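The structure appears below as structure tokens.
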There are 2 protein chains.
Amino acid sequence: MGASKTDSFTDQQNELAILAKALGHPARIAIIEFLLKVDTCICGDIVNELPLAQPTVSQHLKELKNAGLIKGNFEGATICYCINESGFEKIKGFFLDITKYLEKKKNDCC
Amino acid sequence: MGASKTDSFTDQQNELAILAKALGHPARIAIIEFLLKVDTCICGDIVNELPLAQPTVSQHLKELKNAGLIKGNFEGATICYCINESGFEKIKGFFLDITKYLEKKKNDCC
DNA sequence: TGTATATATTGCAATATTACGATTATTTGG
DNA sequence: CCAAATAATCGTAATATTGCAATATATACA
């Protein structure tokens with residue numbers, strides 16, 4: 001096959017997987033880190049920051065946008081990109097559960 | 001091409017991407033959630049929890065193990081699986097940065 | 001209106017992922 | 001040792017991802 005059997009899983013599981021998958025590429029991690037570093041909305045500039053061709057960067061930006069991890073609005077000739085809060089809020093709950101679990105976990109049998 | 005240009009990114013970016021990618025499939029999210037739910041090491045049982053064939057589940061478990069997100073040791077005839085703390089610790093720093101950023105971010109220009 | 005700049009889309013080749021049947025270890029219990 | 005049970009590996013088909021050149025689109029400015 002090759003296609004994931006998304007129908008067999010819950011909406012929440014699929015949604016989390018989509019968010020994680022979007023972060024599953026070093027270029028997309030680099031984009032997020034850059035947006036965090038400059039701590040403001042960035043108009044243009046992202047292509048110059050990455051060691052990839054413009055169409056490739058555009059594609060990665062599109063995937064991050066589709067997943068809901070960044071926002072991008074036209075600001076004249078360029079596009080203004082920034083972190084999309086709501087996407088990261090969704091992942092946060094998942095990691096909070098894991099952190100809580102790790103804190104109380106004492107039966108380290110493995 | 002099809003292969004990521006991993007050489008062009010930092011080790012940290014690649015490592016984060018590998019961890020996120022491992023979580024980028026609903027079956028693997030389901031495995032982690034199951035391990036969190038039972039709150040103990042699980043010997044066997046994981047195949048029965050998932051709507052996938054045994055070889056497929058075995059493959060997903062291998063990927064989670066390679067990424068450092070779960071541990072699996074032989075416990076007699078079955079294998080004892082549990083969350084691997086160190087893998088999740090690595091992601092935690094990344095999300096801490098994002099959370100900090102979101103808290104102080106006020107210039108919501110997008 | 002024309003031209004330069006910025007970004008998106010298309011098309012395609014190389015590679016990776018997903019899924020599973022068949023098979024192969026490996027271990028337990030008789 | 002042998003049969004049953006559990007999990008890994010192999011082989012393979014279907015599909016997805018990655019990356020880029022070429023092209024298209026859209027906006028700003030002259």
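If you're wondering where the values come from, they're calculated on a predicted model, not measured in any experiment. Only heavy atoms go into these numbers, but all of them, side chains included; no hydrogens, no water, no symmetry mates. So that the names make sense, note that chain A is the first sequence line, chain B the second, and so on, each numbered from 1.
- Among dA7(D), dG19(D), dA6(C), the nucleotide with an atom closest to any side-chain atom of Thr56(A) is dG19(D).
- Closest contact between the side chain of Ser4(A) and the listed nucleotides dA8(D), dA19(C), dA16(C) involves dA19(C).
- The distance between atom NE2 of His60(B) and atom C1' of dA8(D), rounded to the nearest whole Å, is 15 Å.
- Gln54(B) contributes a side-chain N or O that forms a donor-acceptor pair with the base of dA8(D) under 3.5 Å.
- In this structure, CD of Glu49(A) is placed 17 Å from C1' of dT7(C), rounded to the nearest angstrom.
- More than 12 heavy atoms of other shown residues, nucleotides or ligands fall within 6.0 angstrom of atom CG in Asn48(A).
- Nucleic acid contact class of Lys21(A) (heavy atoms, under 4.0 Å, all strands): sugar-phosphate only.
- When the nucleotides dA19(C), dA8(C), dC20(D) are ranked by their closest atom to the side chain of Ser58(A), dA8(C) comes out on top.
- Side chain of Gln59(B), nearest nucleotide from dT18(C), dT7(C), dT6(D): dT18(C).
- To the nearest angstrom, P of dA7(D) lies 12 Å from NZ of Lys65(B).
- Each of Thr6(A) and Val47(A) lies near DNA chain C, and the nucleotide nearest Val47(A) is the one positioned closer to the 5' end.
- Distance from the side chain of Leu52(A) is smallest for dG19(D) among the nucleotides dT9(C), dT18(C), dG19(D).
- When the P atom of dA26(D) is taken as reference, atom CD1 of Ile79(A) falls 12 Å away, rounded to whole Å.
- Side-chain contact check for Thr10(B) and Gln13(B): at least one donor-acceptor pair (N or O, by modelled atom type) lies under 3.5 Å.
- Whole-Å rounding puts the Arg28(A) CZ to dG19(D) P distance at 8 Å.
- A distance-only check finds a donor-acceptor pair linking the side chain of Thr99(B) to the backbone of Phe95(B) [under 3.5 Å].
- At whole-Å resolution of the value, CG in Leu50(A) and P in dT7(C) are 13 Å apart.
- A side-chain donor-acceptor contact under 3.5 Å links Asn14(B) to the backbone of Thr6(B).
- An OP1 or OP2 oxygen of dG19(D) is reached within less than 4.0 angstrom by a side-chain nitrogen or oxygen of His25(A).
- Distance from the side chain of Ala3(B) is smallest for dA16(C) among the nucleotides dT9(D), dA16(C), dT7(C).
- Rounded to whole Å, the distance from CZ on Phe9(A) to P on dT18(C) is 11 Å.
- Picking from dA8(D), dA19(C), dC20(D) the nucleotide with the shortest atom distance to the side chain of Lys5(A) gives dA19(C).
- When atom types are taken as modelled, the side chain of Arg28(B) and the backbone of Leu23(B) share no donor-acceptor pair closer than 3.5 angstrom.
- As rounded to whole Å, 14 Å separates atom C1' of dT9(C) from atom CD of Glu63(A).
- At a threshold of 4.0 angstrom between heavy atoms, the contacts of Leu61(B) with the nucleic acid are absent.
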